[in-house]
Amino acid sequence: MENAATPEIPKTYSPQTVEGHWYAAWLARGFFKSSPNPDKEPYTIVMPPPNVTGVLHMGHMLNNTIQDVLIRRARMQGKEALWVAGTDHASIATEAKVVAMLKEQGISKRDITREQFLEHAFAWKDKYGGIILEQLKKLGASCDWDRTRFTMEPKLTEAVLKVFVDLYKKGHIYRGIRMVNWDPEGRTAIADDEVIAKEMPMKMYYLRYEVVEEVRGERSEVRGEDSEAPLTSDLSPLTYITVATSRPETIMADVAVCFNPTDERYRWLKGRKLRIPLFGKEIPAIFDEYVAVDFGTGALKVTPAHDINDYELGLRHNLPVIDALNDDGTLAAVGGAYAGLDRFVVRRQIAKDLKEAGLLEKIDDYQTSVSTSERTGAVIEPKLSLQWFLKMEPFKAQALEAVMSDEVQLNPPKFKNMYRTWMEGVRDWCISRQLWWGQRIPAYYLADGQIVVAETDAEALVEARKLTGNPTLQLDQLRQDDDVLDTWFSSWLWPISVFDGFEDPNNADINYYYPTNDLVTAPEILFFWVARMIIAGQEWRGAVPFKNVYLTGIVRDAQGRKMSKSLGNSPDPLDLIAEFGADAVRTGMLFSSPAGNDLLYDQKLIEQGRNFNNKLWNAFRLLKGWEVDGAAPQLAAARLAGEWFGAKLHHAIGQLDADFAEYRLSDALMTVYKLTWDDFCSTYLELIKPPYGAPIDGATLAQASGFLETLLRVLHPFVPFLTEEIWHRLAPRADRAYCCVAPWPTPGPVDTTFLGRFERALDVVQAVRNQRAAKGLSPNLSLPLVARDGAALAGLEAVVQKLANVSTLTVGEAPAGAVPVVAGGTELALVLPEGSFDVEAERARLTKDIEYTRGFLLSVDKKLSNEKFVANAKPEILEAERKKHADGLAKLAQLEAQLAAL
RNA sequence: GGGAUGUUAGCUCAGUUGGUUUAGAGCGCUUGCUUCACACGCAAGAGGUCACUGGUUCGAAUCCAGUACGUCCCACCA
């Protein structure tokens, strides 16, 4: 039923009508803006920049909710809080999207120039870029939006180029031929970390390589290189050896067949040559420990251009490198009849041709992991190519030390081990990508192959003239490298570049905000991003970029599957916000997602958040609906309730501060959740409720409003919109007096003795209610309660009376027909109405209680009768056990007496 | 294959240097309740040999070893 006094306050909270309003109000008053303030302690978070063309997904929701909770609390604590937002140009992902878009328009990337492509790309970015930041506003993200940056904007590009030139001059950047992970779909090299190993069913092909009997014999000449005639199956067992491979399409690039030197089966092949099936080319038999005797047939075909191990084998044995694949994954000219066909087509075709030629012994099914590209999903080709690299050796020791010494603290700390393993084994960073969307490598080639590296064309020309001694050299005689830099080569500078720390290394912002406080990100990018930011910070600022790293988990569905577009198991966060409100979504994300743990998403969590918001809303409604009588005296129950909740509040605030100090945000949320629901609503408000129809006294209402206001403040970081709404409805406020900038409460003294006594009184309340429920008595029926000893409840009688609906609470012997209740360390008796006393039920209950107590006493006795325990245990432990024993005995005696009285 | 880490109520997790009742929370579940803030609610209740085996100790969910299963990272045998 609607409360008559609050017809204007709906009984269900509707976030939809208030969230947009308060977000606009916060922005209008500039609460999220920050500038260096020497009088305040800075608190800075730099947002991990989402992909510029991305849209909000559940992972962003979790990540940004955490950041917003941290930043809002810091702001309320009076720190100069700054949360910097921005977007990442995400070269591979974005370029792929632009290419796809152009394809739809019938435009092929190969038909247009770099400049034209970039024009399209920027147009796309301007149209779709930054949508995600607008979506974050719906979540309540309190970023200083005036400071929003983009990794490819001119100033940040300048920083990237500056860093490249700097590193080049320091000798840390080099260009070299390396085996890289080639993505034939994206046609670019990708980093080791961008490679995902996937278990896939594969086939193992067993091919026959003919043994060439005479190294310079006639047979090879007779057959000739151009012979189309396949080798036939009339080979006797001694004239061929069988090689197992999963990649028959690369046989034309084989340069040797390798055996383990200890393998008796193949020793006779020493110095001999083998013939590649179908192609007839002769290759040497070589011997190397690398080959496993017990895998396959013990014979390994060596294809240096297409396998990293083979490549290293080739280096050891001075073998040539034959590249059989084009950049797009089709066979090169060396593939002969197969040239131009896709590698997987060729695999099937070659298998078929081999079979027809009798050179395919068998095909086995075989499960193995295949490297795929994180971005395009294509199967990776190991490929030799000319790339730019950054040496890691000069940086690793210091970057490792920063984390191991907790100068940068990882939360949870279990990630330290992972970090160490990676950093110790770190390899040089391949920083070039064969793409157009990104920062173009500022290296320029002269006609004679010499290289100059400079931030701008003009500077490059100056350098080149100096280098060549030719003052008339023109820019068109320089050719800039076509590749762009890896996206991470701009993101690793993010905590510095967002404050223009490269452009102007001594500016007020960077000096004030750097190093930042917390970084909130996913463990998956600990290496590509976090580790490299630490390196960049140490290299250019001489200080790590952040003090704490909060590593979030992955948002999964209820079955534990990662949320993904293709599975269709991810809800649209904006739909959730529209349906349940941002506050509900925020709390839903934080329930049960401790740092580093995956979040098993279930809409129930969001509903729980919504229910909680509604609970708080109704607490406010109750308060607002009361008639006040300023002259009425405060009732005992209300006075006690105030004393208790005040202590409880202080206790909770202390707990909250501890939770936050350890980045236990789920626990912090649970602390305020229980404080609000159980303590404030279920206990405090019930205690101060005036009798039916009566007004509340002014003192109690004022205190209750004060408590609610404090509650709003500790709840604000979690539920910013609702708390702001109630804040303004609760009392008239000055223009800038907003909950979002209200001071964070500080814990006061807590009378734990009083809290303990009160808890015991609540135990009595629960026991009485239990009896009512067991007897099916209405909670509206007032019953007399008799306590054997009044000490335990002394002064708290009003609490028991109010909450348990006890008509009179007296001290004395239990009257006949009263049901015994033992709770809160005292023995009581509830006087039941005529006819509701059930002797058998009582006997059963008491017997059960007695059994439990006996069992308990037994366990205590066991300890106390153990001489070694008595001799060795700490005195306070011993004392506690003795007290347990005595209390247990007393309780047992009481119960037995009650049983006898029945 | 190497290395980390985990296994506590139906689910998700706490459990701080071994000893505060015979292990806690939230959700879920069961029962009762249209009680004048809220059924997105109220009250009560049930539910666990702390994966298994062994060891250290007066005492182990907690420390040690092994086993099983899981997760993650690294390296991958064609």
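Reminder, nothing fancy here: chain letters follow the sequence lines and each chain counts from 1.
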Determine which nucleotide pairs with [N], using a 3.5 Å limit on both distances of a Watson-Crick or G-U wobble pair.
{"N": "B:C63", "value": "B:G55"}
{"N": "B:A23", "value": "none"}
{"N": "B:G18", "value": "none"}
{"N": "B:A4", "value": "B:U71"}
{"N": "B:C29", "value": "B:G45"}

Taking the side chain of [X] as heavy atoms from C-beta outward, which of [options] is closest to it?
{"X": "A:N614", "options": "B:U35, B:A78, B:C40", "value": "B:C40"}
{"X": "A:T12", "options": "B:C40, B:C72, B:A78", "value": "B:C40"}
{"X": "A:N866", "options": "B:A37, B:A78, B:C58", "value": "B:C58"}
{"X": "A:K868", "options": "B:U5, B:C58, B:C72", "value": "B:C58"}
{"X": "A:K604", "options": "B:G28, B:A14, B:G19", "value": "B:G28"}
{"X": "A:R556", "options": "B:A78, B:C72, B:A14", "value": "B:C72"}

Could you tell me how far [M] sits from [N] if I compare only their [atom1] atoms? Round to whole Å.
{"N": "B:G10", "M": "B:C29", "atom1": "P", "result": "15 Å"}
{"N": "B:U8", "M": "B:G48", "atom1": "P", "result": "15 Å"}
{"N": "B:C50", "M": "B:G1", "atom1": "C1'", "result": "33 Å"}
{"N": "B:A25", "M": "B:G66", "atom1": "C1'", "result": "33 Å"}
{"N": "B:A61", "M": "B:A23", "atom1": "P", "result": "10 Å"}
{"N": "B:A14", "M": "B:G55", "atom1": "C1'", "result": "28 Å"}
{"N": "B:U49", "M": "B:U34", "atom1": "C1'", "result": "44 Å"}
{"N": "B:U5", "M": "B:A9", "atom1": "P", "result": "22 Å"}

Can a salt bridge be assigned to the pair [X] and [Y] using a cut-off of 4.0 Å between side-chain N and carboxylate O?
{"X": "A:K203", "Y": "A:D364", "answer": "no"}
{"X": "A:E686", "Y": "A:K689", "answer": "yes"}
{"X": "A:R316", "Y": "A:E289", "answer": "no"}
{"X": "A:R561", "Y": "A:D557", "answer": "yes"}
{"X": "A:K604", "Y": "A:D602", "answer": "no"}

Is there a side-chain contact between [X] and the phosphate of [N], meaning an N or O under 4.0 Å from OP1 or OP2?
{"X": "A:R621", "N": "B:G41", "value": "no"}
{"X": "A:K615", "N": "B:C42", "value": "yes"}
{"X": "A:N597", "N": "B:C13", "value": "yes"}
{"X": "A:N613", "N": "B:C40", "value": "no"}

[X] side chain to [Y] backbone, donor-acceptor under 3.5 Å:
{"X": "A:K775", "Y": "A:L832", "result": "no"}
{"X": "A:T676", "Y": "A:C681", "result": "no"}
{"X": "A:N872", "Y": "A:K868", "result": "yes"}
{"X": "A:D667", "Y": "A:D659", "result": "no"}
{"X": "A:W617", "Y": "A:L722", "result": "no"}

Rounded off to whole Å, could you give me the [atom1]-to-[atom2] distance for the [X] and [N] pair?
{"X": "A:R610", "N": "B:A39", "atom1": "CZ", "atom2": "P", "result": "12 Å"}
{"X": "A:F869", "N": "B:C58", "atom1": "CZ", "atom2": "C1'", "result": "8 Å"}
{"X": "A:L669", "N": "B:C13", "atom1": "CG", "atom2": "P", "result": "16 Å"}
{"X": "A:K416", "N": "B:C73", "atom1": "NZ", "atom2": "P", "result": "20 Å"}
{"X": "A:E607", "N": "B:C40", "atom1": "CD", "atom2": "P", "result": "10 Å"}

Taking for each residue the nucleotide of RNA chain B with the nearest heavy atom, is it A:V870 or A:R854 whose nucleotide lies nearer the 5' end? A:R854

Which residue lies toward the 5' end of RNA chain B, A:I877 or A:K689, if each is placed at its nearest nucleotide? A:I877

N/O donor-acceptor pair, side chain A:K11 with base B:C38, under 3.5 angstrom: no

Just say parallel, tilted or perpendicular for the rings of A:F645 and A:F680, cut-offs at 30° and 60°. tilted

Looking at the rings of A:Y673 and A:F612, which for Trp means the six-membered one, are their centres under 6.0 Å apart? yes

Identify all pairs in which a protein N or O lies below 3.5 Å from an N or O of nucleotides 43-49 of chain B, and state each distance.
{"from": "B:G45", "atom 1": "OP1", "to": "A:N770", "atom 2": "ND2", "distance (Å)": "3.2"}
{"from": "B:G45", "atom 1": "OP2", "to": "A:Q766", "atom 2": "NE2", "distance (Å)": "3.2"}

Show the distances under 3.5 angstrom between N or O atoms of the protein and N or O atoms of nucleotides 23-26 of chain B.
{"from": "B:A25", "atom 1": "O2'", "to": "A:K674", "atom 2": "NZ", "distance (Å)": "3.1"}
{"from": "B:G26", "atom 1": "O2'", "to": "A:Q608", "atom 2": "NE2", "distance (Å)": "2.8"}

